[in-house]
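Residue numbering restarts at 1 for every chain, and letters A, B, ... go by the order of the sequence lines.
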Amino acid sequence: MLAMSRDFSSITSILNNIGPFNEVPDEYSPQETINALSSSKILVIGAGGLGCEILKNLALTGFQDIHVIDMDTIDVSNLNRQFLFRAKDVGHSKAQVAAEFIQERIENNHLKITPFFGRIQDKPVEYYKQFDVVICGLDSVEARRWINATLVSLVDNELNNLIPLIDGGTEGFRGQSRVILPKVTSCYECTLDMVTPKTTYPVCTIANTPRLPEHCIEWSSVMEWPRNFGSQKFDADNPEHVEWMYQLSLKRAQEYNIEGVTRLLTLGVVKNIIPAIASTNAIIAASCCNEAFKLVTNCNPILDNYMMYSGDDSIFTYTYAHVNKKNCPVCGNMAKNVTAERWWTLEYFIDELSSKLEIQMKRPSLSSSSAYLYLRNPPNLEEKTRPNLYKKLSTLIDDGNEIVVTDPNLPISLRLVVNFSGPEHEPL
Amino acid sequence: MIDKETKYDRQLRLWASTGQANLENSHICLINASATGSEILKNLVLPGIGEFTIIDDKVVSPQDLSGNFFLKRENLGQDIATSITSNLSELNTDVKGHAINQSIKHLITKVESLFWDQFNVVIVSDYSPELDVVKDLLWDKRIPLLIVNSVGFYGSLNLIANEVTVIETHDPSRLYDLRIDCPWPELQEHADSIDLNSLSDQDHAHVPYIIIYIKVLQAWKQEHNNLPPQNYGEKKLFRLLIESYSRNIKIEANFTEASNSIHRALQVTQIPNSISKLFENSNIKDENLSLTTPIFWIYIKALKNFVHLNNNQLPLPGNLPDMASDTAGYIKLQNIYRAKALKDQELFTHEVQKILDSIGRSHDDVNTESIASFCKNSQLLYVSQGSKELYGTSLLQELLHSEQASENYNALGVYFSILTYNAYIEKFNSKPSIQDLETFSDLFFQKFSIDKAEVLPESILNTFKEVLSHNTQNYHNLNSLMGGIVSQEVLKLATSQYTPLDNLFVFDGIRSFSEKWKI
């Protein structure tokens with residue numbers, strides 16, 4: 001038998017024939033399409049559950065220049081779905097092992113997969129300009145916000161340098177895929193308020209009146225760990241740390257006659273574990289890659305712009321065009337209006353702001369048009385602006401003034417117009 | 001050695017160890033070693049099904065290799081079933097894979113019908129009408145069959161099962177059965193033992209809302225001919241009544257919560273229609289009960305007897321939502337609910353055993369865990385009767401005369417295009433391409449006995465053209481997407497958890513849009 005290499009016969013009819021739904025039938029050329037596919041540079045962010053699938057799909061549908069970034073190493077709990085990894089790979093870089101595996105399996109000299117073992121933030125903005133499409137298969141909201149803001153910032157007013165961002169996410173039997181055309185469609189930041197927030201429990205419940213096993217685990221994690229270990233950070237991957245947390249939670253639960261603290265639950269609560277299976281990753285990754293394929297080849301229209309999938313109660317999809325937010329801090333051009341009580345201190349205002357679902361900033365710095373209100377960095381400015389935290393916001397800026405909020409972890413500046421209301425003094 | 005709990009952690013959170021045990025005892029059969037089929041099995045081998053068997057007599061061609069990740073270049077010319085089985089087996093050493101390198105047509109005449117009994121679910125990828133005989137056989141044996149097709153940007157899935165029953169549906173609405181409107185004696189006694197007026201401010205602000213509801217609802221009923229609030233206006237007054245029991249609604253979190261969740265107080269304890277309908281099912285008529293009656297129906301029969309003995313109420317699930325309360329008050333309440341749930345479970349078990357005895361069946365056919373799970377879920381049970389057909393007259397009517405289909409698009413057209421595509425391959429032994437549009441249309445009219453005078457709407461013609469232009473069965477993105485969807489369905493059937501498809505699904509990868517129908 002001739003040692004042929006893997007060919008693309010599986011997609012030739014798609015590339016060669018113009019279908020009835022092709023949106024550019026007059027300009028469409030099969031040869032140019034094949035060239036576009038083989039020469040386009042595509043970046044895959046995340047080599048986990050979605051990433052493994054995405055890499056496989058791209059390699060089998062004609063993409064030849066694929067880059068992949070992931071900062072993680074392989075863990076045992078990945079093996080139930082991340083099919084490019086074996087038990088012997090535990091501890092190695094996901095991006096590197098995944099790239100090697102695909103190359104070896106596809107056996108095509110024209111296929112080039114370039115792995116990067118690191119954080120997306122480690123690469124300069126210039127690096128991202130080389131790509132034709134970026135596909136995200138991440139479980140981190142922060143990384144998504146970062147790449148989204150970065151790609152939006154590249155686009156100018158004539159829509160030059162527009163790099164489409166295709167984003168997938170899964171949880172259990174459910175997931176979503178979407179196509180973001182920066183400055184054209186809604187962006188990731190526009191939909192930040194759709195992200196399910198992490199379940200939190202009131203401190204007084206945790207401290208005084210625990211009722212659920214989760215309350216006992218939160219008590220160990222939020223109150224007892226810092227009390228016992230000071231600044232040492234809890235590491236959910238360290239079995240000793242987890243055991244300590246489990247035993248303490250169990251003890252507290254027993255004191256209060258609460259049932260249900262298990263090792264499984266403890267890990268779930270402290271790691272905020274999201275259930276994941278291969279099937280759902282396959283569906284969402286395939287949907288993302290189908291969109292990337294249509295985008296690059298122009299053979300059929302692309303998703304406009306959001307598809308939700310749910311498989312736990314029969315099968316259900318919902319496809320719709322999510323609209324841009326005019327006051328989106330990333331792609332919008334209007335400032336967002338917020339209302340503050342006149343008696344709020346700057347510190348109180350920052351707390352309120354950080355906890356808002358559509359803002360979610362961990363370490364915000366604030367400035368008005370004329371002055372710094374509070375800066376986290378550099379240290380000398382932090383020290384200088386710190387006293388402002390205890391002043392009333394209404395003494396620092398005027399009603400209707402605009403302020404800018406930034407966070408060192410995000411390339412975003414959020415413009416807010418602050419309107420004051422309510423009394424000068426805290427009501428009793 | 002890797003421990004399973006760690007390896008399977010992310011899925012145990014979905015179906016727990018009972019679901020995992022079912023999965024590990026399942027044997028899944030794939031007919032036709034396509035790329036879609038390989039993707040389905042990948043998604044099942046990873047979470048640890050027990051065994052799988054691939055039936056296909058082909059050898060690996062360059063076309064197979066082109067779109068299948070679980071074929072290696074060195075497999076070219078080798079048996080495809082064996083090659084894929086071996087490449088999939090690398091994924092999980094807990095799983096046993098078998099290859100049968102024979103054509104299904106040949107195999108079905110050769111093996112005894114008992115052969116099929118080893119499978120929990122059978123999957124056919126890229127259906128062909130000649131497989132109708134397999135479909136009929138599995139139907140008679142009551143083994144669920146999934147038929148998946150992938151052509152170009154389109155995919156379809158049929159679930160062909162006589163009957164699907166699910167106990168653990170994981171209903172997302174999460175209603176709690178609290179029985180505020182009909183507290184059993186122990187709960188009533190507990191509510192009565194709390195005298196709100198004599199409590200300290202501290203304790204008053206920590207009375208769980210269940211107690212508040214029981215008291216306020218009873219007070220309301222005394223003033224209203226023993227009736228709960230009837231309409232929006234009365235419900236508003238009821239809310240005000242709750243708030244009036246608070247000493248200071250601004251600082252009593254339990255009363256605020258009570259005022260915000262009055263739907264729980266006003267939930268009527270009754271047997272849902274979907275459940276009382278099951279009591280009329282012919283499966284539970286005395287003369288139909290036998291040694292082979294599925295346990296699910298034994299439980300339904302027992303449930304019917306149980307509610308007769310239990311004031312027309314279902315077994316209490318016994319779980320509580322979290323609510324503002326001190327620890328002791330909450331745990332006390334929880335114990336009262338749990339004790340009642342356990343008591344109901346005992347009564348229910350007794351009814352189950354009586355039925356088993358009456359038909360001479362062993363008590364070992366049921367266990368405490370499955371009874372407990374049934375009692376917890378008795379409001380949310382899922383039952384569906386399926387169909388053996390791939391289409392019916394009403395589906396054809398909908399195809400040709402749907403009001404919903406737009407001028408240039410008809411989702412059912414996708415499905416009938418795929419059925420015609422499969423029929424074409426069987427008839428002409430080659431894939432139809434866009435040059436074959438006329439023959440293809442003729443075959444469509446013939447196959448579905450449609451009057452030639454019928455003018456084919458533009459929308460259906462467009463889906464024909466799309467299927468014929470992009471006539472590949474190996475476009476990997478669709479293979480992988482459909483593979484993911486099919487494997488989700490297999491997981492639901494194999495774990496006996498969550499609700500499966502009922503029973504036809506079509507995915508359109510051009511619009512990233514799907515629709516479903518019941519045949």
For the pair B:K42 (side chain) and A:F83 (backbone), establish whether a donor and an acceptor sit closer than 3.5 Å, ignoring hydrogens and angles. no
In this structure, is the centre-to-centre distance between the rings of A:F293 and B:Y475 below 6.0 Å? yes
So, the part of B:K465 with a heavy atom under 4.5 Å from chain A: the answer is both
Cationic N near anionic O, under 4.0 Å, A:E171 to B:R13: no
Using a distance-only test with no angle check, is there a side-chain donor-acceptor pair under 3.5 angstrom linking A:S77 and B:D9? no
Do A:K56 and B:S480 get their side chains close enough for a donor-acceptor pair, meaning under 3.5 Å? yes
Donor-acceptor pairs under 3.5 angstrom involving side-chain atoms of residues 483-494 of chain B: please list them, not counting sequence neighbours.
| residue | atom | partner | partner atom | Å |
| --- | --- | --- | --- | --- |
| B:S487 | OG | A:S279 | OG | 2.7 |
| B:S487 | OG | B:N43 | ND2 | 3.2 |
| B:S487 | OG | B:G483 | O | 3.0 |
| B:S487 | OG | B:G484 | O | 2.9 |
| B:Q488 | OE1 | A:Y309 | OH | 3.3 |
| B:Q488 | NE2 | A:F173 | O | 3.3 |
| B:Q488 | NE2 | A:T280 | OG1 | 2.9 |
| B:E489 | OE1 | B:L501 | N | 2.7 |
| B:E489 | OE2 | B:K492 | NZ | 2.8 |
| B:K492 | NZ | A:G311 | O | 2.6 |
| B:K492 | NZ | A:S314 | O | 3.2 |
| B:K492 | NZ | B:T499 | O | 3.0 |

Which atoms of B:I40 come close to chain A, meaning under 4.5 Å heavy atom to heavy atom: side chain ones, backbone ones, both, or neither? neither
Testing A:L15, A:N16, A:I14, A:I18 one by one against B:H470 for a side-chain contact (heavy atoms from CB on, under 4.5 Å), which residue passes? A:I14
Quiz question: by atom type and distance under 3.5 Å, do the side chains of A:E291 and B:S512 form a donor-acceptor pair? yes
Just by distance, do the side chain of A:D7 and the backbone of B:S66 share a donor-acceptor pair under 3.5 Å? no
Is there a donor-acceptor pair closer than 3.5 Å between any side-chain N or O of B:K7 and the backbone N or O of A:L79? no
With sequence neighbours left out, write down each residue that passes side chain to side chain contact (heavy atoms under 4.5 Å, CB included) with A:V24, or none if nothing qualifies. A:N22, A:E27, A:N298
Under a 3.5 Å distance rule, please check whether A:R105 uses its side chain to pair with a backbone N or O of B:K72 as donor and acceptor. no
